[in-house]
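Below, read A as the first sequence line, B as the second, and so on, with proteins coming before strands; counting in each chain starts at 1. Scope of the values below: all heavy atoms of this structure, side chains included, with no hydrogens, waters or symmetry mates.
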Amino acid sequence: MQAKYQKAKMNSFIEELRWRGMLQDMTPEIDDHLNKGMAAAYLGFDPTADSLHIGHLVGVMTLLHFQRAGHKPYALVGGATGMIGDPSFKSAERNLLDKATLDHNVSCIQNQLSKFLDFSTDSSNKAELVNNYDWMSQFSFLDFIRDVGKHITVNYMMAKDSVKRRLEEGSGLSFTEFSYQLIQGYDFYHLWKNKNCTVQLGGSDQWGNIVTGTELIRRMGGGSAYALTVPLITKADGSKFGKTESGSVWLDPEKTSPYAFYQFWLNVSDEDASKYIRIFTTLDRETIENLEMSHQEAPHLRLLQHEIAKQVTTMVHSEADYLIAQKASQILFGKSSTEDLATLDERTFLQVFDGVPQVKINKTQFEEIETVLDLFGEMTQGVIFSSKGEARKLIQGGGLSINKEKQTDPNGAFTSQLLQGKYLLVQKGKKNYFIVEVTA
RNA sequence: GGGGGAAUACCAAAGCGGCCAACUGGGACGGACUGUAAAUCCGUUGACUUAUGUCUUCACAGGUUCGAAUCCUGUUUCCCCCA
C-alpha cells in the first residue's frame, strides 16, 4: 500500500510539470526511471551576480516540485563553471569574473537558495547544496584533458546548437567557452558517481550541455542518466521576461525592494498571468483553474495577478513584506489621502519609494516656500521639473500632487505638511514620484 | 570633376517678406475614462515671477529691408543625376 502510494507520487513529478507548462523536453526513459523510487537530480545556477533574479525562480520551482514528488534535489552553484562562462545562446564572449567576486556571489546565492527547498536533516530526500569548485579546483588541466576530454570528440561538441551558432555568426568563441560543456558534463558525471545523481534539470538552453553530461556518464562510467528541461519564460508582448525599466527583478531585497517585487507581479498582463501562476506558485490545479474562471468573469479585479503577487512575494520575502507591499500599493494607487500616507512608518515609506529621485532642501528654504510653484524653482534644481513653466503647465493640467493632494493653482498658498517630519511626496502624473527631504 | 536639390523643434513634414514660437502627423508627457490595462476622447510639448507681454530659436556666418524661417552672398553637411 505504502509502496503503491509512493510510486504514484514519484511519477507525479513529470505530470506536475506537464500541466504547469514547465516541460520542454526530456530524455526517453526518464519517467520509468523516476517511477522506480527516489531519484536525485541537480540543477545549476550561474553565479554571475550576487543575487538570483526571478528568471532563476523557474529552476528553483523545478527543484521544488522534484522534491515534493519525493525525490532528492541538488542545487549546484557554479563556482567553477562561473569562471568559464557558458556560451549557450550568448552572442558574444563573456567577461570573466575574478575569484573574489565569484566567491562572494556563490555564497550569496547559496544563502538565497536555502530558503526555497527543504534542507532539514531528518528527511531522506532533503535538498543539498553543492559547488562544482569543490571538485573542479583540484582537477589538474592534464588530468582533465586525459580523463574527460578523451571521451568526447570535438565534432560532437561543435555540433551543439549553442556552439554552432557562435561559429556561424563569425563572432568567434574562445577555447575557454568552447570547453564549457565539458566542465558542466563532468559535473554531472561527478554527481552521478559520488551522489548517485541520475537526472539533470535545466532551462531549455541547457539541453546541449546536459546531454554532453549524459554522454560522458555513458562513456566514462557505463551508466545511464537523464535530462529534463523547462521552457524559457516568455512574455505575450515579446519583450524580455523579468526586466523592468529599472533593470532585472532580483530576489535580494536590497536590490529590488519587496514592494517593487510585489508590483512586478501585480502588473503581469492577463495573457501571461495564467502561465505564470502555474510556474511560479505551488497552487494546485483545481485552485488555479477556479481562479482563472473567476478572472474571466471579472477581469478587472485581476484575481490572478493578485494571487501570483501574494504567493511569490510571500515565498521569496515574507508574509509581513507582502502585507506591507499590499498596503503601500493600496495607498499609492487607490483613492487615498494624506492621512493614509501618514500611516506608513518611515521604514516602509522609504522602502516603497526606494529608487525614487530625491532632492534635499534645508529647513530655511522650506520655510521660505509661499506658493506651490516656489517649491519647483531653483530650490529643487530641475530635478522634478526642468523649468517653472513646465511645472505651471502640469499643475494647470491637473497632473501634480503633493502628499497625494492634487494641486490645482500654481500660485496658491503652499500648505502641505511634512511627512515623518521631513518628507514631501511630489507626484508628477500618476507614476512619477519624487521625494523632497527637508534637512535640518 | 560637372549639374541639380535639400537643410525647420524628439522624429516626420508644412511654411504669399509682416497675421510665425512657426500648419499637420507621430512620439513623449499630462488629464478624463478604466483594471496601477488596452482602446477612446481632451490638453501640453523653446524659456521667462501667465504676460492678449518679453527674450531666444528654422544648418553656420554675413548682407538686403522699417521688418527675414522666407530674398541675396559665402561656408558646412546631406541627397540625386552625369563623369
Side-chain angles (χ1 to χ4, degrees), chain A residues 235-239 241 243-246 249 256-277 291-310 312-313 322-337 340-341 344 348-349 351-357 365 368-402 404-414 425-434:
Chain A
K235 275 173 73 176
D237 65 6
S239 58
F241 170 77
K243 297 276 184 192
T244 63
E245 308 83 57
S246 44
V249 179
T256 299
S257 72
Y259 167 75
F261 187 85
Y262 172 81
Q263 280 287 319
F264 171 84
W265 295 104
L266 203 58
N267 282 321
V268 162
S269 71
D270 288 3
E271 300 93 286
D272 292 325
S274 287
K275 192 163 63 183
Y276 294 172
I277 198 166
L291 270 170
E292 282 175 330
M293 273 161 59
S294 310
H295 182 88
Q296 292 212 329
E297 280 165 25
H300 60 283
L301 296 178
R302 291 188 303 154
L303 291 172
L304 283 173
Q305 285 91 334
H306 279 280
E307 193 60 28
I308 298 173
K310 174 184 172 182
V312 184
T313 308
Y322 156 68
L323 290 171
I324 289 170
Q326 192 195 31
K327 182 182 170 195
S329 299
Q330 276 166 2
I331 289 175
L332 283 175
F333 296 104
K335 290 196 168 50
S336 59
S337 61
D340 294 325
L341 200 56
L344 290 177
T348 309
F349 180 81
Q351 182 189 319
V352 169
F353 295 105
D354 178 47
V356 158
Q365 287 174 308
E368 280 168 2
I369 298 173
E370 285 174 9
T371 66
V372 176
L373 208 51
D374 284 342
L375 181 61
F376 305 109
E378 303 73 50
M379 207 173 273
T380 51
Q381 307 124 7
V383 177
I384 304 178
F385 292 104
S386 56
S387 70
K388 274 198 185 181
E390 191 187 328
R392 188 178 299 111
K393 279 168 193 155
L394 198 82
I395 292 171
Q396 284 167 346
L400 187 109
S401 298
I402 298 177
K404 277 280 163 193
E405 252 166 41
K406 188 166 276 192
Q407 305 294 316
T408 47
D409 181 6
N411 296 313
F414 180 84
L425 179 68
V426 176
Q427 192 178 357
K428 189 173 148 188
K430 225 168 237 164
K431 289 188 180 175
N432 302 305
Y433 289 94
F434 298 87

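Once rounded to the nearest 0.5 Å, the distance linking CD1 of A/Ile324 with OG of A/Ser329 reads 11.5 Å. The distance from atom CZ of A/Phe241 to atom CG of A/Asp272, rounded to the nearest 0.5 Å, is 8.5 Å.
Residue A/Thr371 is classed as having no contact, given no heavy-atom separation below 4.0 Å to the nucleic acid. Nucleic acid contact class of A/Gln263 (heavy atoms, under 4.0 Å, all strands): base.
As a whole-Å value, the separation of A/Ile331 CD1 from B/rU36 C1' is 15 Å. Atom CG in A/Leu394 sits roughly 11 Å away from atom C1' in B/rG43 (whole-Å rounding). Counting to the nearest Å, the P atom of B/rC29 and the CG atom of A/Leu400 are 17 Å from each other. Computed from coordinates, the A/Asp409 CG to B/rU50 C1' distance equals 12 Å when rounded to whole Å. Nucleotide B/rG30 holds its C1' atom 16 Å from the CD atom of A/Gln407, rounded to whole Å. Rounded to an integer number of Å, the gap from NZ of A/Lys388 to P of B/rU50 is 8 Å. Taking atom CZ of residue A/Phe376 and atom C1' of nucleotide B/rC48, one finds them 18 Å apart after rounding to whole Å. Spacing between atom CD of A/Gln427 and atom C1' of B/rU36 amounts to 11 Å, rounded to whole angstrom units.
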Which is it for A/Glu368 and A/Phe414 under the side chain to side chain contact (heavy atoms under 4.5 Å, CB included) test, yes or no, and what are the steps along the way? CA-CA 10 Å; A/Glu368 280 168 2; A/Phe414 180 84; over 6 Å; no
Evaluation steps, side chain to side chain contact (heavy atoms under 4.5 Å, CB included), between A/Phe353 and A/Leu332: CA-CA 10 Å; A/Phe353 295 105; A/Leu332 283 175; 3.5 Å; yes
Show your working on side chain to side chain contact (heavy atoms under 4.5 Å, CB included) between A/Gln305 and A/His295 and close with a plain yes or no. CA-CA 9 Å; A/Gln305 285 91 334; A/His295 182 88; 3.5 Å; yes
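For A/Ser387, whose side chain is taken as the heavy atoms from C-beta onward, the closest listed nucleotide among B/rC48, B/rU36, B/rU44 is B/rC48. Here B/rU36 is the nucleotide among B/rU36, B/rU49, B/rG30 with the atom lying nearest to any side-chain atom of A/Asn267. Distances from the side chain of A/Arg392 to the nucleotides B/rU36, B/rC29, B/rU50 place B/rU50 closest.
The backbone N or O of A/Leu266 lies less than 3.5 Å from a partner atom in the side chain of A/Arg302, making a donor-acceptor pair. A distance-only check finds no donor-acceptor pair linking the side chain of A/Glu390 to the backbone of A/Lys393 [under 3.5 Å].
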Return one dot-bracket line describing RNA chain B 5' to 3' (Watson-Crick or G-U wobble pairs, both distances under 3.5 Å; ( ) same strand, [ ] crossing, | another strand, . none). ((((((((.[[[..)..(.....]]]((((((.......))))))(((....)))...[[[[[..)....]]]]]))))))).
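Because its NZ or CZ atom is not both nearer than 6.0 Å to the ring centre of A/Phe434 and within 45° of the ring axis, A/Lys428 does not count as a cation-pi partner of that residue.
B/rA69 and B/rC16: their C1' atoms are spaced 14 Å apart (whole Å). Annotation: B/rC79 and B/rC71 have their P atoms spaced 24 Å apart (nearest Å). Taking atom P on both B/rA68 and B/rU76, the two are 26 Å apart, rounded to the nearest angstrom. B/rA21 sits 8 Å from B/rU57 when the C1' atoms are compared, rounded to a whole Å. Comparing the same atom, P, in B/rU40 and in B/rG26 gives a spacing of 10 Å after rounding to whole Å. For B/rC58 and B/rA51, the C1' atoms lie 25 Å apart once the distance is rounded to whole Å. Using P as the reference atom, B/rC10 and B/rC60 are 13 Å apart when rounded to the nearest Å. Nucleotides B/rC33 and B/rG43 have their C1' atoms positioned 15 Å apart, rounded to a whole Å.
Closest-nucleotide positions on RNA chain B for A/Leu373 and A/Phe333 were compared, and the one nearer the 5' end corresponds to A/Phe333. Both A/Gly429 and A/Leu266 sit near RNA chain B, but only A/Gly429 has its closest nucleotide nearer the 5' end.
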Between the protein and nucleotides 32-35 of chain B, are there any N/O to N/O pairs under 3.5 Å, and if so, what are the atom names and distances?
from, atom 1, to, atom 2, distance (Å)
B/rA32, OP1, A/Lys406, NZ, 3.4
B/rU34, O4, A/Lys430, NZ, 2.8
B/rG35, O4', A/His300, O, 2.8
B/rG35, O6, A/Asp270, OD2, 3.4
B/rG35, N1, A/Asp270, OD1, 3.4
B/rG35, N1, A/Asp270, OD2, 2.9
B/rG35, N2, A/Asp270, OD1, 2.8

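Test A/Leu303, A/Val268, A/Ile308 against A/Ile277 for side chain to side chain contact (heavy atoms under 4.5 Å, CB included) and you get one pass: A/Ile308.
A/Tyr322 approaches A/Ala309 most closely through the heavy-atom pair CD1-O, 4.5 Å.
At a cut-off of 3.5 angstrom, counting only N and O atoms as typed in the model, there is no donor on one side facing an acceptor on the other between the side-chain of A/Glu390 and the base of B/rU44.
The side-chain heavy atoms of A/Leu425 and A/Tyr433, taken from C-beta on, include a pair separated by under 4.5 Å.
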